[in-house]
Each structure stands twice: as C-alpha cells, then as structure tokens.
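Working notes for the structure below.
The chains referred to below are lettered A, B, ... by the order of the sequence lines, with proteins before strands, and numbering in each begins at 1.
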2 protein chains.
Amino acid sequence: MGYTISQVAKKFDLTAHTIRYYDKEGLLPFVDRSKTGNREFSDSDLDWLKLICCLKNTGMPIKQIKQYIGWCLQGDDTIEIRRQMFLDHRKEVLKQMDNLKENLKIIDYKLEFYATNCNINDNRNKDCNQLSIGK
Amino acid sequence: MGYTISQVAKKFDLTAHTIRYYDKEGLLPFVDRSKTGNREFSDSDLDWLKLICCLKNTGMPIKQIKQYIGWCLQGDDTIEIRRQMFLDHRKEVLKQMDNLKENLKIIDYKLEFYATNCNINDNRNKDCNQLSIGK
DNA sequence: TTACCATTTAAAGTTAGCTCTAAGTCAAGT
DNA sequence: ACTTGACTTAGAGCTAACTTTAAATGGTAA
C-alpha cells in the first residue's frame, strides 16, 4: 500500500506541509500517487527522504538538493559530478564540526568562569559579567 | 583610539552593515562613539563580539543573544540564569555535533557506494543511481 | 576648495525555508 | 444521507538574518 503523507511526516518529524513543500520544490519527483491523487510513499521513497533530510540537516540548500535529485534522474552520466558533490559536502560537514568544536571551547571557558567565580560560596563580589574570553 | 567598524568587520569576516545590524538589534550596547558619532571598538568590545559570533555560529537566535546581553547589563542578579543558558546551549551544541556525526555516516556510506560501484573499472552497468542508504 | 573616502541613520528589499489558509475531493463510519 | 477526517492545490503570509539604498556628515589629500 505505501505510507501516507502524515505517516511519513511522523516518521521523519516533519509536517505534511513541509513534505508537500519539498515535493513542490522538486525534491520528491519519484513519489507515486493513488487513484484519488494522494501521495503514496514506498520504502525506497523513505530512503530518498532520509538522504534529503541528511543533506538538508547538514546545511545544504534545497536548491542544491534539487539539483542533485535532477542529476540522479538524468542517469549514469552524472555519477562523477554526484560523487564530487558528496566529497565537497563531506568537507563542509567536517568544517562545521571543527567550528562547533572551537565554539564549544569558548562556551566551556565561559562555564568554567561562571563556576569558578560565581557559584562557589556565592561570591558576588567578583565580576562574572566581564566578557573576556581568553586569547 | 579603538577600531573602526570596517577594521572590526575585516577581523571578524563580517560586513560593516552586519555589525550595524547587530548593534541595531541590541547586541552591541557597550560600543562607544567618537566625537563625530562613529563607532569606536575597544579590545574588550572585540571579546564581546567574539562571544556573540560564537553563540550565533552555534545556532543561537539573535533575539536570545540580545536577551543574554541584557542579563549581563543587569548585573550579578542574573548570573545563575546566564550560567544556565550556557549549560543549555552547551547541550544544544553537543546535539548538533551528534547530528553531524550521524549524517556524516550517511554521506560516507554514499561515497563508499560511489567508489565501489561506479568508478572502479568504469562499470556503468551497476546502478549507482539507487538511493538505498542502509538501515 | 574640491574631491574622495568612510562613516552615519532610517527604512526598504531580499532570500530561504517554511507555515498557514481557503476551497475543494474522497473514503469510511453512523 | 450526512458527518468527519485526511488528503489535494494554489497561493498568501511569516520569520530570521541579513543586504541594499538613499541621503547626509565628517576627515583627509591634492
């Protein structure tokens, strides 16, 4: 039978509106319809959607995801460009992870500061309001 | 003397426009002005801005950063709530890192697939177009 | 003095990614 | 037959974070 849009929405923690929006934007050209025109998602469709969410959640714009879907539909001639896209995107993801790590250091520095100067012995004379975050 | 807005923009890889926007949104209430009304950034201001960028680049909305800045201005009564904000935000950042790691796995799976089935011996009969990305 | 910068403000415009509304269709239950 | 609820579309509306524009001011260099 396949899954209805609301079942899929639940599974992926999206709204049906959002899934229709993705469809409208060209991200789901493969999803079939029932006799009455309702979307029917197959298991393979869920795999596509999982990949789409992966790309979206790692910061790829919807337009670029659409382009990738288009390449997939075009067939094997686009295999190399698709592979390159994943390589490039992988680099992007690693960069994001590095950025998060760096920023986590700053946050941890601040937390250390609050712990050391503010909460032990409720010492309110020391200035926890300063913003020096180290070099 | 302090730094001009364009010097700061350069340092932080932002535009002067963006910095003025942050100021307008209440993120930079501490920045002084010269006699002629131009912003003059001190070293301490740069530390603030560094923290602001850290929070922004880890996904904190500008409104929430503004709220934090407001708490700082209010003084020591808000220390505990600020500390809690950093604790909460730290959790968010860790969650983001976990998400990135999970999604990186999917990307690596795809890359492995492209490497195995598509590029070795230029074997174009195998279907690299499929989207099954594993369980 | 004139030209050329960088700066200022207020306000309008842009983009991405939804989010919601209106009006309609269809299938199942009472 | 009627009601309820899930689905459909087109299109309008919304929010965040800029980004650009217009008009004005001030400092420096030739």
Side-chain angles (χ1 to χ4, degrees), chain A residues 1-42 45-46 49 51-70 89 92 96 99 103, chain B residues 1-42 45-46 49 51-70 89 92 96 99 103:
Chain A
M1 275 305 307
Y3 308 90
T4 67
I5 196 166
S6 52
Q7 285 171 328
V8 176
K10 206 167 207 173
K11 250 185 218 293
F12 283 82
D13 201 25
L14 300 169
T15 69
H17 285 305
T18 302
I19 293 174
R20 282 189 210 105
Y21 164 71
Y22 288 167
D23 196 2
K24 199 166 59 178
E25 292 301 306
L27 303 190
L28 308 170
F30 42 78
V31 174
D32 280 340
R33 300 299 183 112
S34 70
K35 278 175 251 170
T36 57
N38 291 12
R39 290 173 186 81
E40 276 187 337
F41 289 77
S42 68
D45 293 345
L46 298 195
L49 189 51
L51 180 60
I52 287 166
C53 287
C54 161
L55 296 174
K56 192 210 60 170
N57 291 332
T58 47
M60 186 179 287
I62 280 172
K63 276 186 188 174
Q64 199 180 334
I65 300 175
K66 176 190 176 156
Q67 185 176 50
Y68 163 73
I69 299 286
H89 191 59
E92 275 302 309
Q96 287 178 49
N99 275 328
N103 287 321
Chain B
M1 273 302 307
Y3 309 90
T4 67
I5 196 166
S6 51
Q7 285 171 327
V8 176
K10 205 168 208 170
K11 251 184 217 293
F12 283 82
D13 201 26
L14 300 169
T15 69
H17 286 304
T18 302
I19 294 173
R20 281 188 209 104
Y21 164 71
Y22 288 167
D23 196 0
K24 197 168 61 178
E25 292 301 306
L27 267 42
L28 308 169
F30 40 79
V31 174
D32 280 340
R33 301 298 183 113
S34 70
K35 276 176 248 167
T36 57
N38 290 13
R39 290 173 187 82
E40 277 187 337
F41 289 77
S42 68
D45 293 345
L46 298 194
L49 189 51
L51 180 60
I52 287 165
C53 287
C54 161
L55 296 174
K56 193 209 60 168
N57 291 331
T58 47
M60 185 180 286
I62 279 172
K63 276 187 187 171
Q64 198 181 336
I65 301 176
K66 176 190 176 158
Q67 185 176 50
Y68 164 73
I69 298 287
H89 191 59
E92 274 304 306
Q96 286 178 49
N99 276 329
N103 286 321

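Proximity of B:Ile62 to B:Leu27: side-chain heavy atoms (C-beta onward) are separated by under 4.5 Å at one or more points. Proximity of B:Arg33 to B:Arg39: side-chain heavy atoms (C-beta onward) are separated by under 4.5 Å at one or more points.
Within the structure, every side-chain polar atom (N or O) of A:Thr36 is placed at least 4.0 Å from both OP1 and OP2 of D:dT8. Side-chain N/O atoms of B:Arg33 include one lying less than 4.0 angstrom from OP1 or OP2 on C:dT9. Using a 4.0 Å cut-off, some side-chain N or O of B:Lys63 falls inside it from OP1 or OP2 of D:dA16. Side-chain N/O atoms of B:Thr4 include one lying less than 4.0 angstrom from OP1 or OP2 on C:dT7.
Taking for each of A:Lys35 and B:Ser6 the nucleotide of DNA chain C with the nearest heavy atom, the 5'-most of the two is the partner of B:Ser6. When the nearest nucleotides of DNA chain D are assigned to A:Gln7 and B:Gly59 by heavy-atom distance, the more 5′-ward of the two goes with A:Gln7.
One can place NE2 of A:His17 at 14 Å from C1' of D:dC14, the figure rounded to the nearest angstrom. In this structure, the CZ atom of B:Arg20 is 13 Å from the C1' atom of D:dT25, given to the nearest Å. Taking atom NZ on B:Lys66 and atom P on D:dA16, their separation rounds to 12 Å, with Å as the unit. Regarding A:Glu40, its CD atom lies at a distance of 17 Å from the P atom of D:dA6, rounded to whole Å. Atom-to-atom, CD1 of B:Ile19 to P of D:dT20 comes out at 15 Å; the value is rounded to the nearest Å. The interatomic distance linking A:Glu25 (CD) with D:dT9 (C1') rounds to 15 Å, in whole Å. Residue A:Tyr22 contributes atom OH, which lies 17 Å from atom P of D:dT8 at whole-angstrom precision. Between the CG atom of B:Asp23 and the P atom of C:dT7 there is a distance of 14 Å, given to the nearest Å.
Of all heavy-atom pairs between A:Ile19 and A:Phe41, the closest is CG2-CZ, 3.7 Å.
Across all strands shown, A:Lys56 has heavy atoms under 4.0 Å from sugar-phosphate atoms exclusively, and none from any base. Here B:Thr15 lies out of heavy-atom contact (under 4.0 Å) with every strand. Among the heavy atoms of the strands lying under 4.0 Å from A:Arg39 are primed sugar atoms or P, OP1, OP2 only; no base atom is included. Nucleic acid contact for A:Ser34: none, since no nucleic acid atom lies under 4.0 Å from a heavy atom of the residue.
For A:Ile62, the listed nucleotide lying nearest its side chain is C:dG17; candidates were D:dC18, C:dC26, C:dG17. Relative to the side chain of A:Tyr21, the nucleotides D:dT19, D:dT8, C:dC18 differ in distance, and C:dC18 lies closest. You'll find that the side chain of A:Ile5 is closest to D:dT8, out of C:dT19, D:dT8, D:dT21.
If you take OG1 on A:Thr18 and CZ on A:Arg20, they are separated by 9.5 Å, rounding to the nearest 0.5 Å. The distance from atom CG of A:Leu51 to atom CD1 of A:Ile69, rounded to the nearest 0.5 Å, is 7.0 Å.
A:Lys66 NZ: 12 or fewer foreign heavy atoms inside a 6.0 Å radius.
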